[in-house]
Amino acid sequence: MQTLFDTDIQKLKGVGKKRAELFAKLGAPTVGDLLRLYPRDYQDWSEITPIAEAGIDEVCVVRGQVIGPPTEQRIRGGKLMHRCTVTDGEADMKLTFFNNRYIPSLLKEGETYLFRGRVGFTGRTPSMVSPEFAPQDRAAEIVPIYPATQGLATRSIAQAVKNALAMLPDALEDPLPAEVRERHKLCYLGYALENIHFPKTREDLEIARRRLVFEEFLVLQLGLMEIKSGNRQENLHPIPGGFPEDFTRLLPFKLTGAQQRAIAEGVKDMAGPATMNRLVQGDVGSGKTAVAAALCWPVIRSGRQAALMAPTEILAAQHYKSLSGLLEPAGIRCGLLTGGAGAEQRRARQGISSGEIELVIGTHALISEKVEFKELGLVITDEQHRFGVKQRMALAQKGASPHMLVMSATPIPRTLALMAYGDLDVSVLDELPPGRQEIATYLIAPDKRKRAFGYVQRFLDEGRQGYLICPLIEGDESGMISLEEYLPKVRQAFPGVEAAALHGRMKPAEKEQVMSGFARGDTKLLVATTVVEVGMDVPNAAIMLIENAERYGLSQLHQLRGRIGRGKYQSACILISAAKNPESVERLKVFKSTNDGFAIADADLKLRGPGDFFGQRQHGLPQLKIAGTSMDMELLREAQKCARRIYRSGALEGCDHKLLRDEIRRLFEKTGSERIAL
Ligand code: ADP
Ligand code: MG
């Protein structure tokens with residue numbers, strides 16, 4: 001059947017070849033895709049806030065009568081500036097406009113308009129800079145804002161969407177079967193498309209959005225279930241033997257309950273009919289390495305090899321040191337393989353192919369064509385979000401269906417983990433080994449920075465090292481702190497202290513050099529962007545200061561803070577922020593109150609909704625069109641339940657689910673191909 005997804009966008013009035021290219025760039029080469037190019041936002045002129053109630057940093061619409069004609073002024077750089085004051089009878093608001101010479105003719109004294117913008121304060125008077133404005137009768141309109149591109153404004157997109165909606169057949173077929181819509185109280189597709197683009201009221205928009213978000217979550221979940229079942233490979237070398245008690249005797253400590261559970265789950269997988277595909281998720285310091293070693297043990301005992309891939313040379317070397325220290329005395333031969341073409345690498349490769357090396361630890365150098373295993377039985381990747389699924393698979397290809405273990409330090413609430421890692425089984429290490437020091441966390445305003453530096457100095461005086469984190473590399477108009485301006489200030493504030501900069505634009509070799517200087521303890525202060533998030537393990541670093549802390553998500557802050565508190569020293573984290581808006585303040589307060597990664601992930605989920613999580617590309621999931629805006633956890637759960645029901649009943653294969661299958665294919669073919677190709 002011909003559908004709108006086969007209808008070229010050029011069929012629309014006003015769309016020629018040139019425009020069609022621009023639409024294609026936005027991901028809408030066909031009329032069907034255009035209908036699913038949802039607004040990224042709406043200008044809602046329907047809700048008017050009294051000026052007296054307008055809160056700082058909020059975007060609102062106010063109604064205001066212009067008091068006195070706008071004043072005109074030339075400012076720096078020849079820029080034109082207009083100012084005027086408006087009132088809603090109760091309170092005044094000051095408005096400033098830049099470079100719009102039409103202001104005096106557009107805003108007439110005594111007339112009333114609607115103004116929409118972000119609220120600031122000029123002294124104690126509320127103000128807006130360059131607000132949008134409209135005549136009073138605009139009230140009640142909800143205007144869609146599209147992800148415009150150079151040469152294609154949001155208005156033109158809206159017009160094209162209007163024309164596309166007019167092409168929808170009356171009896172539009174819905175990928176959600178009527179039974180599903182009824183059960184979950186979802187509206188019909190036609191209604192949803194009309195109202196996601198041009199809602200008359202907020203309620204209509206909500207109804208439309210709910211249905212489309214549900215559909216997308218459902219499609220995502222079903223796609224992942226398909227992949228997961230496709231991934232199930234026959235276990236060619238089942239490993240019997242149960243829990244590796246003899247391994248635990250090698251450890252200098254007693255395993256936590258969570259570690260024991262994860263090991264038991266892995267051992268059971270490897271003895272079962274299908275190969276192991278397991279994610280071990282545990283906060284920094286939860287002891288994932290011991291779990292990995294415990295699972296290598298039976299594999300190697302059964303005569304096959306294990307490989308552990310880490311994202312950086314430093315991490316690989318660290319793993320090699322601790323694992324060989326533990327396993328070599330028990331007679332297991334370990335090897336290290338990192339990049340480079342030296343004799344050492346050659347020897348390592350030889351040992352791997354002869355089988356002399358039974359456990360090899362390395363970087364992505366392990367994937368190189370030159371590396372051949374005698375008999376690879378287990379592949380482990382550490383900090384998996386740094387590796388694409390492809391790299392993981394490339395390593396697996398070096399064996400005949402080896403078992404797979406992925407270790408991740410990013411705590412994800414269980415409901416989301418099941419979805420994000422739809423292709424893996426999940427073990428959670430939700431318990432830290434006993435005796436860990438809590439990291440003390442403080443939140444201060446920028447005017448207290450000097451005292452904070454004094455506090456850092458005290459750590460340095462005791463021989464500790466520290467991280468100073470800035471959001472930007474170079475300064476920009478955002479006014480946020482940049483490395484470039486910060487580093488000289490740090491050097492001035494800490495005379496005679498060795499400080500170095502680390503950021504993402506440095507060459508890998510440079511980065512590696514700075515990091516190892518810090519790891520050796522030669523560098524005392526590392527002034528860095530978030531590149532330090534992953535992989536730095538310097539137990540002597542006990543103090544961290546984070547500038548513009550409000551600009552990070554909770555999980556990111558948690559990853560950053562995880563760089564300290566790794567040794568025996570009492571550690572402290574200082575957040576510097578001037579943020580006043582309630583959401584940021586709440587976020588920083590939550591962060592201050594706990595060190596528990598899962599509690600933080602849960603709070604993050606509550607504050608930002610599940611959509612935000614799926615919006616982040618790092619999970620390797622396909623890019624969502626609308627569910628990325630969802631705050632509704634309940635809806636996600638409903639969609640998950642629904643997906644399980646459809647999947648188990650086998651209905652997905654049936655012809656009444658063909659459109660749903662098309663949606664799955666469409667979602668995964670565009671961006672998530674990496675995963676669907678597993
Ligand atoms: P991560 O989960 O961050 O990879 P590691 O595996 O590096 O954590 O473990 C962190 C530290 O905790 C290591 O020094 C390790 O030896 C130690 N450790 C791991 N498990 C236990 C345990 N059950 N009891 C005490 N110490 C442990
Ligand atoms: Mg680790």
Side-chain angles (χ1 to χ4, degrees), residues 224 226-239 262 265-281 288 291-300 302-311 315-316 319 323 334-339 348-349 351-353 355 357-408 420-427 619-621 672-678:
L224 290 169
E226 294 251 273
I227 294 173
K228 187 167 177 169
S229 73
N231 265 357
R232 285 274 170 259
Q233 281 178 336
E234 192 193 340
N235 188 0
L236 300 176
H237 304 272
I239 302 169
E265 283 165 339
V267 167
K268 188 159 169 248
D269 288 348
M270 294 195 293
T275 55
M276 173 171 77
N277 258 306
R278 185 163 289 278
L279 170 74
V280 173
Q281 216 197 97
K288 293 184 287 295
V291 173
L295 294 176
C296 289
W297 181 262
V299 171
I300 293 169
S302 78
R304 302 172 78 212
Q305 292 164 292
L308 190 162
M309 182 161 67
L315 268 179
H319 277 310
L323 287 173
C334 302
L336 176 68
L337 182 73
T338 51
R349 281 199 300 270
I352 297 170
S353 69
I357 293 178
E358 295 163 304
L359 169 60
V360 54
I361 293 128
T363 57
H364 53 266
L366 287 171
I367 305 174
S368 150
E369 272 172 26
K370 285 188 257 171
V371 179
E372 278 172 32
F373 286 82
K374 179 147 181 276
E375 216 187 349
L376 181 58
L378 170 63
V379 166
I380 304 170
T381 44
D382 193 14
E383 309 287 1
Q384 63 88 38
H385 60 283
R386 294 284 303 260
F387 290 112
V389 175
K390 269 185 190 150
Q391 284 161 305
R392 196 163 95 208
M393 291 300 155
L395 185 51
Q397 237 105 70
K398 295 186 181 287
S401 344
H403 298 289
M404 304 278 274
L405 185 71
V406 176
M407 302 194 286
S408 167
Y421 299 106
D423 59 331
L424 299 168
D425 299 308
V426 182
S427 300
H619 303 295
L621 289 167
S673 46
E674 230 185 24
R675 274 188 178 241
I676 200 95
L678 285 181

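Residue numbers start at 1 and run along the sequence shown.
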Do [X] and [Y] make a side-chain contact, defined as non-hydrogen atoms from C-beta onward lying under 4.5 Å apart?
X	Y	result
Glu234	Ser401	no
Met270	Val299	yes
His403	Asn235	yes
Val360	Leu366	yes
His319	Leu308	yes

How long is the straight-line distance from [atom2] of [Y] back to [atom1] of [X], given to the nearest 0.5 Å?
X	Y	atom1	atom2	value
Leu279	Met404	CG	CE	11.5 Å
Phe373	Leu395	CZ	CG	5.5 Å
Glu265	Leu295	CD	CG	10.5 Å
Ile361	Asp382	CD1	CG	11.0 Å
Leu337	Arg349	CG	CZ	6.5 Å
Met276	Asp425	CE	CG	10.0 Å

key: From CA spacing to verdict: side chain to side chain contact (heavy atoms under 4.5 Å, CB included), Ile380, Met407   = CA-CA 7 Å; Ile380 304 170; Met407 302 194 286; 3.9 Å; yes

Restricting to non-hydrogen atoms, name the atom on [X] and the atom on [Y] that form the minimum distance, rounded to 0.1 Å.
X	Y	result
Gly335	Ile357	N-CG2, 3.6 Å
Cys296	Ala306	SG-CB, 3.8 Å
Val291	Ala262	CG1-CB, 4.2 Å
Leu315	Ala310	CB-CB, 3.9 Å
Leu323	Ala293	CD2-CB, 3.6 Å
Pro402	Val379	CG-CG2, 4.1 Å

task = Decide salt bridge (charged side-chain N to carboxylate O under 4.0 Å, His left out) for Lys398 and Glu372; before the verdict, give the C-alpha distance in whole Å, the side-chain angles of both, and the deciding distance to 0.1 Å.
result = CA-CA 7 Å; Lys398 295 186 181 287; Glu372 278 172 32; over 6 Å; no

ask   = Between the side chains of Ser408 and Gln281, is a donor N or O closer than 3.5 angstrom to an acceptor N or O?
value =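 No.
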
task = Apply side chain to side chain contact (heavy atoms under 4.5 Å, CB included) to Ser427 and Arg278, showing your working.
result = CA-CA 7 Å; Ser427 300; Arg278 185 163 289 278; 2.8 Å; yes

inquiry  = Strictly distance-based, threshold 3.5 Å: is any side-chain N or O of Asp269 a donor or acceptor partner for the main-chain N or O of Thr275?
reply    =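 Flag not set: sc Asp269 to bb Thr275 has no pair under 3.5 Å.
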
task = Using atom types as modelled and distance alone, determine if a side-chain donor or acceptor of Gln305 lies under 3.5 Å from a backbone N or O of Glu375.
result =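 Yes, Gln305 side chain to Glu375 backbone: donor-acceptor pair under 3.5 Å.
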
task = Evaluate side chain to side chain contact (heavy atoms under 4.5 Å, CB included) for Val371 paired with Ile352, printing each intermediate quantity in order.
result = CA-CA 8 Å; Val371 179; Ile352 297 170; 4.2 Å; yes

